[in-house]
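Here the structure is a predicted model, which means the values were calculated and not measured.
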Protein chains: 2
Amino acid sequence: MAKPKEVNLTKFELEIMEVLWDIGEASVREVQEKLHERKRPAYTTVQTIFARLEEKDAVRRTRKIGNAFLFEPLITRKSVYRRLIDQFLDLFGGSAEPVVARLVETGKLTLADLKAIEEQRAVASEPTEGSNRKRGRK
Amino acid sequence: MAKPKEVNLTKFELEIMEVLWDIGEASVREVQEKLHERKRPAYTTVQTIFARLEEKDAVRRTRKIGNAFLFEPLITRKSVYRRLIDQFLDLFGGSAEPVVARLVETGKLTLADLKAIEEQRAVASEPTEGSNRKRGRK
DNA sequence: ATCAAGCTACTACGATTGTAGTTTTTAATA
DNA sequence: TATTAAAAACTACAATCGTAGTAGCTTGAT
């Protein structure tokens, strides 16, 4: 049932999910309008993606407002990210080395960053939960 | 002319390239035999992938031995990895945070690893200021 | 010269994905 | 109630990918 599904999302599906994760529950129209103008696809395209996400049990319809359905996520951002990342690392034989090297090379990862993360983990290691809403930037 | 192409490789194409990068120049048969038995596709499947790699200018025929062609890579492992990684990070809005968090979580990245990499880089680029004492092993 | 084995060249096919059009339903309104 | 605008539902289609079959050419061995 509520078992964390093993869902593979495409890039576009992921973008839709990001919007949905951010606002929790949304109509097709709402999501479509949140997409950046430059790459905003037709309404029906977004509809199609929603249909596929439903098919994959990644979202579900909650209720109907007027004649539009609202959708909500059935999978967490965290679980999707985890899967994406693990699959990606498999490309390199599971070794993180090329990825880390590139992160350092592009300045996206510094010692300070890592320290912060490790400390955070040390502190927050017991209250296991997936209610992680804030997106770290930087 | 020999400009580093922007080549997108699929998982399977990448596996073929890995073999080719390892041995430098190889026939279809050689590559096919190097693939792990469990997931070894038919000879003609590998051939098809080679044709697609040729199409993408990722490999080129060098010479003919008997009636078999030999192929060599036209792109470097490093450039492919870089592209893969950068594209992957784009999925997360270019933020490395989720990836780093996962690496730490799975124990694939520790402070020590990062220190080693950073020092290596510092040394490799320019030995300016003196905050490096330990050198990377590996 | 013949022939088998291996190789190339060509073709095929289903699944997935990005993309959107067409038809039908429904809710709001004139 | 008849009209209409929006959304749903269904359908389509081309590109890419994993996968491999088949036909025909090359070559080394009889």
Under a 4.0 Å heavy-atom cutoff, the residues of residues 37-48 of chain B touching DNA chain D are B:P41, B:A42, B:T44, B:T45, B:T48
A:V46 versus A:P41, closest heavy-atom pair with distance: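 It is CG2-CG, 4.2 Å.
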Shortest non-hydrogen pair, A:P73 vs A:M17, comes out as CB-CE, 3.9 Å
Would you say CZ of A:R40 has more than 12 non-hydrogen atoms from neighbouring residues, nucleotides or ligands within 6.0 angstrom?
yes
- Would you mind telling me which residue lines up with the more 5' stretch of DNA chain C, A:N67 or B:S27, judged by nearest nucleotide?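 Result: B:S27.
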Exercise for the section: By nearest nucleotide on DNA chain C, pick out whichever of A:F12 and A:G66 is the more 5' one. Expected result: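 Whichever sits nearer the 5' end wins; that is A:F12.
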Between [X] ([atom1]) and [N] ([atom2]), how many Å, whole number?
| X | N | atom1 | atom2 | result |
| --- | --- | --- | --- | --- |
| B:E54 | C:dA9 | CD | P | 8 Å |
| A:E13 | C:dT19 | CD | P | 12 Å |
| B:Q32 | D:dG18 | CD | C1' | 15 Å |
| A:L35 | C:dG18 | CG | C1' | 14 Å |
| B:R63 | C:dC7 | CZ | P | 15 Å |
| B:I16 | D:dG18 | CD1 | C1' | 11 Å |
| A:I65 | C:dA28 | CD1 | C1' | 15 Å |
| A:F50 | D:dA7 | CZ | C1' | 13 Å |

Using 30° and 60° as the class limits, which term best fits the ring planes of B:Y81 and A:F92: parallel, tilted or perpendicular?
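The arrangement is perpendicular - the two ring planes meet at more than 60°.
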OP1 or OP2 of [N] versus the side-chain N and O atoms of [X]: is any pair under 4.0 Å?
| X | N | answer |
| --- | --- | --- |
| B:R61 | C:dA9 | yes |
| A:T10 | C:dG18 | yes |
| B:K11 | D:dT16 | no |

- Please test B:N8 against B:Q87 for side chain to side chain contact (heavy atoms under 4.5 Å, CB included), starting from the C-alpha separation and ending with a verdict. CA-CA 10 Å; B:N8 286 316; B:Q87 277 181 345; 3.1 Å; yes
Query raised in the report: When B:F50 is tested against each of B:F71, B:F69, B:Y43, B:F12 for ring pair (Phe, Tyr, Trp, His ring centres under 6.0 Å), which residue passes?
Result: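 With B:F50 as partner, B:F71, B:F69, B:Y43, B:F12 yield a single ring pair (Phe, Tyr, Trp, His ring centres under 6.0 Å), made by B:F71.
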Q: Return yes if the base of C:dT8 and the side-chain atoms of B:R29 contain a donor-acceptor N/O pair under 3.5 Å, otherwise no.
A: no
Sorted by chain and residue number, the salt bridge (Lys or Arg N to Asp or Glu O under 4.0 Å) partners of B:K39 (sequence neighbours excluded) come out as B:E15
